[in-house]
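This report refers to the structure that appears directly beneath it.
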Amino acid sequence: MSGRRTADVPEMKLPTSTRPDPAEVPGLRWGVLGAGWIASEMVHAIEVGEHGSTQQRVVAVGSRDLGRAQAFVDEHCGAHVREHGPVRAHGSYSDLVTDPDVDVVYVAPPHSEHLEHALLAVRAGKHVLVEKAFTADAAQARELVAAIREAGVFGMEAMWSRFLPHYDVVRQVLDLGLLGELSTVLADHGQRLWPDGPRRLADPALAGGSLLDLGIYPLSFASMVLGGIDRVAAAGTLTDEGVDARVAMSVRGPSGAVGSLSCDMSTRTPTTAVVAGRWARLELDGEFYGPTTMRLVGSDDVVLDEMTGDPVEMHRGLRHETCEVALRVHAGETESPLMPLDESVALMEHMDSIRSQLA
């Protein structure tokens, strides 16, 4: 490898993340639409506490049932109440999105409801962070993006991994050309969530299946690394109810680099990723989509550099996407260059194609 080096090639070391300190990002007032598990994870990620803090503030939670909303506030919003005062519970989503103290709405129900509830917030003039996958299909994604742009509000898919420090390092490595000409991306995501997991994953009416819940991670990672995806081929297995239990995907990027990706909701897989170029490769340990250890490895298999995952980020990783929203909103921007709306639409189009190939 040394024979290929020239004076203008950067040192073969992992760069330092340039992501901002979440504690220094100006705050927004958040309304949480939905009272499920991912909503609770978000609330805990941005609260003041032992794992770090942000200036983001949860001011309201909405559910279809006032009692459930209040129970959520009582169980999960204690730190916000102690720091900032009461968090309002709303017994309807309409009340939440019209709350005058809410700047941005985090849309957290199942995929099948993302479009309806995100549109409710957008039409009320609120900025939106929509849990991934963005919508149930590409037609819905295009409708939502059109509404966001017409309203002139900020909108983004909540692909939290894109805003983590180690993903920032991945992008810098690629921009610096440390790997040489990009060749191959590998990524898998398997969790044992079916048949004994959440009912929504098995239900076609709730946009169930492994692809939208798990496959979006390797697919989005490959899209980021490859600079987009221009071809996808897939094979997989459907459940008796007709949703995808597992999917293997082959993708190609605009440069001709390829990716081998998979997702599976019936078993646990390593959940690792590799980005390989002519000169070197990046190895991301499991779970690759969360704060984890990453190595820069030469073509001779020598480890050139390594960075370890931050245990703080393991507990509070979702806070980085809220800070990205706040940064862009305070700058007067309506989308993020790290997760553009058009890319969210393109990813939904690829997932539509994958599901059609699975019949």
Side-chain angles (χ1 to χ4, degrees), residues 14-32 37-58 76 79-80 103-108 127-134 154-175 189 216-218 220-221 223-225 271 273 282 284-294 307-331 333-341 343-344 347:
L14 293 171
T16 302
S17 171
T18 60
R19 293 301 296 161
D21 182 344
E24 297 178 0
V25 175
L28 293 173
R29 299 172 300 176
W30 289 78
V32 177
W37 173 79
I38 192 61
S40 68
E41 290 292 292
M42 175 64 80
V43 168
H44 292 301
I46 65 177
E47 69 185 10
V48 176
E50 61 176 321
H51 295 297
S53 63
T54 74
Q55 296 188 48
Q56 311 310 311
R57 178 184 171 191
V58 175
H76 299 293
H80 295 276
D103 300 316
V104 56
V105 173
Y106 171 54
V107 179
H127 307 296
V128 289
L129 176 65
V130 184
E131 188 51 53
K132 52 89 193 120
F134 196 47
F154 179 91
M156 190 178 82
E157 180 180 6
M159 178 45 70
W160 67 291
S161 308
R162 290 277 179 115
F163 313 103
L164 292 173
H166 78 298
Y167 265 45
D168 178 65
V169 172
V170 171
R171 286 189 292 267
Q172 290 188 65
V173 166
L174 295 173
D175 290 343
H189 190 184
I216 183 61
Y217 283 103
S220 183
F221 179 74
S223 179
M224 181 188 81
V225 168
T271 67
L282 284 175
L284 284 71
D285 288 350
E287 286 98 0
F288 76 88
Y289 51 85
T292 190
T293 296
M294 180 166 60
M307 63 176 288
T308 57
D310 185 342
V312 169
E313 302 302 350
M314 187 62 70
H315 294 280
R316 293 291 184 263
L318 293 180
R319 62 188 180 157
H320 288 279
E321 64 184 354
T322 67
C323 291
E324 177 70 8
V325 175
L327 283 170
R328 302 299 169 184
V329 168
H330 282 292
E333 301 173 30
T334 55
E335 59 184 287
S336 167
L338 301 183
M339 191 69 247
L341 291 171
E343 186 174 3
S344 291
L347 287 167

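No experiment lies behind these values; they were computed from the predicted model shown. Below, all heavy atoms of this structure are taken into account, side chains as well, without hydrogens, waters or symmetry copies.
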Any donor-acceptor pair under 3.5 Å from [X] side chain to [Y] backbone:
X    : Y    : result
R328 : S336 : no
H166 : Y289 : no
Q56  : L28  : yes
E287 : T292 : no
T54  : P22  : no
D103 : R29  : yes
R319 : H44  : no

Quiz item: Thinking salt bridges, do K132 and E321 make one under a 4.0 Å N-O criterion?
Solution: no

Can you find a heavy atom in the side chain of [X] that is under 4.5 Å from one in the side chain of [Y]?
X    : Y    : result
E343 : R162 : yes
H320 : P165 : yes
E157 : V130 : no
E324 : R19  : yes
L338 : Y167 : no
V329 : V104 : no

Mind checking the [atom1]-[atom2] spacing from [X] to [Y]? Nearest 0.5 Å is all I need.
X    : Y    : atom1 : atom2 : value
L341 : E335 : CG    : CD    : 4.0 Å
R316 : M42  : CZ    : CE    : 12.0 Å
T322 : L129 : OG1   : CG    : 8.0 Å
F163 : L327 : CZ    : CG    : 10.5 Å
F154 : H330 : CZ    : NE2   : 11.5 Å
W30  : R57  : CH2   : CZ    : 14.5 Å

Quiz item: What's the verdict on side chain to side chain contact (heavy atoms under 4.5 Å, CB included) for L347 and M159, showing C-alpha distance, side-chain angles and the deciding distance?
Solution: CA-CA 12 Å; L347 287 167; M159 178 45 70; over 6 Å; no

Locate the shortest heavy-atom distance separating [X] from [Y]; write the atom from each residue and the value.
X    : Y    : value
Q172 : S17  : NE2-CA, 3.9 Å
V173 : P15  : CG2-CD, 3.7 Å
H76  : V43  : O-CG1, 3.2 Å
A39  : V32  : CB-CG1, 3.7 Å
I38  : A108 : CG2-O, 3.7 Å
T18  : D168 : N-OD2, 2.6 Å

Self-check item: CA sep, side-chain torsions, deciding dist, call: E131, Y106, side chain to side chain contact (heavy atoms under 4.5 Å, CB included)
Solution: CA-CA 7 Å; E131 188 51 53; Y106 171 54; 2.4 Å; yes

Exercise. Report the relative orientation of the aromatic rings in W160 and Y217; use parallel for angles under 30°, tilted for 30 to 60°, perpendicular for over 60°.
Key: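 Ring orientation, 0 to 90° scale: perpendicular.
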
Quiz item: Who passes side chain to side chain contact (heavy atoms under 4.5 Å, CB included) against D21, sequence neighbours left out?
Solution: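 Counting only residues at least two positions away or on another chain, D21 forms a side chain to side chain contact (heavy atoms under 4.5 Å, CB included) with A23, E24.
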
